[in-house]
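Taking it in order: structure first as structure tokens, then the write-up.
Quick note on labels: first sequence line is chain A, next is B, and so on, each numbered from 1.
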Amino acid sequence: MADFFHPDRLQKLEDLKASGADPYPAQAAFAPIDGVTATSGPKRELAAALLAQAEERQGETVLIYGRVLGRRGYGKLAFLDVCDQSGRIQACMQKDLVLPAEFEHLKQLNLGDIIAVEGELSKTKVGEPTVFGTRFRILTKALENPPEKFHGLADAELRARRRYVDLFANQEVRDSFFKRSAIIQAMREVFLARAYTEVDTPVLHPIYGGANAKPFSTHHNALDMQLFLRIAPELYLKRLLVGGMERVFEFARVFRNEGLSMRHNPEFTMVEFYEAYSDVYGMMELTEQLVVAAARAAGCEQQDGSLKTIFRDEEFQLSPPFARVTYADVFLEHVGCAATDRVGLPAKMADHGIQVANSSEYAWWKAVNDLFEELVEPHLRGPIFVHDYPAAICPLAKPLASDPTWAGRFEFFLGGMELANAFSELNDPQLQLAKFEEQVVDKDPESPNQVDMDYVRALAYGLPPAGGCGIGVDRLIMVLLGKDTIRDVLLFPHMRPEKDFGGAAASTDEPLVKTGDPS
RNA sequence: GGGGGCAUAACUCAGUCGGUAGAGUAGUUGGCUUUUAACCAAUUUGUCCCAGGUUCAAGUCCUGGUGCCCUCACCA
């Protein structure tokens, strides 16, 4: 990296300036010609819209903006592929149509430059809709080369690190992220239609809770206190129910200080929602609606009206209703032994190397659940709800009135992953306090570091009976869009800092741009 | 953290038995008024990931490191 910028490009930039043009104009509109004010010129159009309306709008003067990603030049004629957010449209610059001074700027044009073209929408000899430019302007001079035009950007690391390149070079990548946005919006509309309120709760938590995970830790200088990035918004959202906000949801970025994998990123998006006077079964029905709405927005709808996605070479039918099965039933089916069978289970656990950590109820049921994860979860292709979980491993869920061994909780499985987790919320302050204390004594680094007494106090004021649920938004999008890795649904997945290139590791006095090398 | 693989031009990739670096694209120069990865001609670009080692000689072999990918483990 002797020179950061490409010398050829810098030369073009100088040439462009020398011709009197601004390589980075503040305004995109064309300057008026010969003193005629240009207030009534055409409005900017998107490529996809022009292509769709090519027939009926033939002969109209149109204005397009976009990045030049293809060029087929002739002496007095050039075809340009102009790419914008919506797609690509061809522009044709003919010397006898374009202003002479502006035609000259083609010499300073490189692939990757962003341009404006105004001209007549028509067709070429082979029938391709094309804007035949009468005006042409470079709006942004690019100093970096775009990727190879046929293979594009193939290296997975570069695609994630330079997502801005991946996005402009690949329409399919853009479409995926537009769909991500549409999916989230569709879910939001389901909530709003049910009189939910969207809220924002704190990201910095003095006590981390609401899930089991290792947190990121930080420090607040003015108060000289340790803070944690939230691992879940749960406890704050339920405080809102105490406060009388009866239906709330939050698309919450949460942070978990754990490994990276195809389905794990240290920060990810959960949508959590809570509804007073509902319960886990009400959440099941709402989760089903949310998944269906998301699937429609993702384009999973088939011609016969059914919903379907293909994820990791496996087809999933998403048309409701989704299967529902109790934990006890599905456990018995795949383990061959009842989850409550304290005589028969130890042998099964031994077969799979699962040990009971200590004599507590929690440790016993944790081991039972390990067996569940080992023997049952691989069979849960989904979409399926597993409900009524062992109460001992659900510190935030309300035990069933009929049998307190079990708690009102479901997990929703799809694509071999756990996508959602919901409770009938525990609202007995004394029982909640007891369960919190049990967790803190356990000293598991993934359990809360101390009892959140303010939350217990909130419960003491009275949390109405309620259902609550959290859905892993990124994983849901993975399944719906058929993306194998979470990195493909995150715009900027977590990466190690690039060497010598920003990030904490490179915060030295060395200048980023080395302008010359005396040797 | 364990195991396996990869790292060569701005991009996509070749590189034989160890013999001193290649193609296409992009860029540059010229030609061309209907192309679609346009074409024709000429042409520029390298810390072969880094550091050691073996060797007369290393992109190639060895050791260590770094990064990425896959996989297992971990991960409500």
Item to check | From B:A26, B:A76, B:C68, nucleotide with atom closest to A:Glu411 side chain | outcome: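 The answer is B:A76.
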Next on the checklist: Please pick, from B:A26, B:A37, B:A76, the nucleotide with the shortest atom-to-atom distance to any side-chain atom of A:Leu111.
Outcome noted: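 Side chain of A:Leu111 sits closest to B:A26.
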What is the nucleic acid contact for [X], judged by heavy atoms within less than 4.0 Å: base, sugar-phosphate only, or nothing?
X: A:Asn369; value: nothing
X: A:Pro266; value: nothing
X: A:Arg159; value: nothing
X: A:Met262; value: sugar-phosphate

Item to check | 5'-most by nearest nucleotide on RNA chain B - A:Pro395 or A:Arg487 | outcome: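 So the residue in question is A:Arg487.
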Checklist entry - Pick the nucleotide of RNA chain B nearest each of A:Ala154 and A:Asp8; which residue has the one closer to the 5' end? => result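 It is A:Ala154 whose nearest nucleotide is closer to the 5' end.
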Rounded to whole angstrom, note down the [atom1] distance from [N] over to [M].
N: B:A7; M: B:U44; atom1: C1'; result: 25 Å
N: B:G18; M: B:G59; atom1: P; result: 13 Å
N: B:C40; M: B:C32; atom1: C1'; result: 9 Å
N: B:C39; M: B:U25; atom1: C1'; result: 15 Å
N: B:A57; M: B:U20; atom1: P; result: 15 Å
N: B:G46; M: B:A14; atom1: C1'; result: 15 Å
N: B:A9; M: B:U60; atom1: P; result: 15 Å
N: B:A41; M: B:A51; atom1: P; result: 41 Å

[N] [atom2] sits how many Å from [X] [atom1], rounded?
X: A:Lys214; N: B:A76; atom1: NZ; atom2: P; answer: 9 Å
X: A:Leu260; N: B:C74; atom1: CG; atom2: P; answer: 17 Å
X: A:Arg71; N: B:U25; atom1: CZ; atom2: C1'; answer: 14 Å
X: A:Glu157; N: B:C70; atom1: CD; atom2: P; answer: 12 Å
X: A:Ile354; N: B:A73; atom1: CD1; atom2: P; answer: 13 Å
X: A:Arg162; N: B:G67; atom1: CZ; atom2: P; answer: 18 Å
X: A:Asn170; N: B:C11; atom1: CG; atom2: P; answer: 17 Å
X: A:Leu109; N: B:A26; atom1: CG; atom2: P; answer: 13 Å

Checklist entry - Between CD of A:Gln85 and CG of A:Leu167, what distance do you get to the nearest 0.5 Å? => result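 Rounded to the nearest 0.5 Å, the CD-CG separation comes to 10.5 Å.
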Item to check | Under 4.0 Å protein heavy-atom contacts per nucleotide of nucleotides 29-36 of chain B, with B for base, S for backbone only and - for none | outcome: S--BBBBB
Does the structure show a Watson-Crick or G-U wobble partner for [N], both distances under 3.5 Å? Name it, or say none.
N: B:U43; value: B:G27
N: B:U36; value: none
N: B:U16; value: none
N: B:A51; value: B:U63
N: B:G1; value: B:C72
N: B:A58; value: none
N: B:A9; value: none

Checklist entry - At under 4.0 Å, does any side-chain N or O of A:Lys149 touch on OP1 or OP2 of B:A26? => result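 Yes, A:Lys149 has a side-chain N/O under 4.0 Å of OP1/OP2 on B:A26.
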Next on the checklist: I'd like to know whether A:Leu13 forms a side-chain contact (heavy atoms from CB on, under 4.5 Å) with A:Arg9, so could you lay out the CA-CA distance, the side-chain angles of the two residues, the decisive distance to 0.1 Å, and finally the verdict.
Outcome noted: CA-CA 6 Å; A:Leu13 183 71; A:Arg9 296 280 181 141; over 6 Å; no
So with a 6.0 Å cut-off around [atom1] of [X], is the heavy-atom count from everything else above 12?
X: A:Lys123; atom1: NZ; answer: yes
X: A:Asp96; atom1: CG; answer: yes
X: A:Glu373; atom1: CD; answer: yes

Could you tell me whether [X] and [Y] have a side-chain N and a carboxylate O separated by less than 4.0 Å?
X: A:Lys366; Y: A:Asp370; value: yes
X: A:Arg88; Y: A:Glu128; value: yes
X: A:Glu102; Y: A:Arg137; value: no
X: A:Glu144; Y: A:Arg162; value: no

Item to check | Pair A:Arg409, A:Asn421: side-chain N/O donor-acceptor within cut-off below 3.5 Å | outcome: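 A donor-acceptor contact under 3.5 Å links the two side chains.
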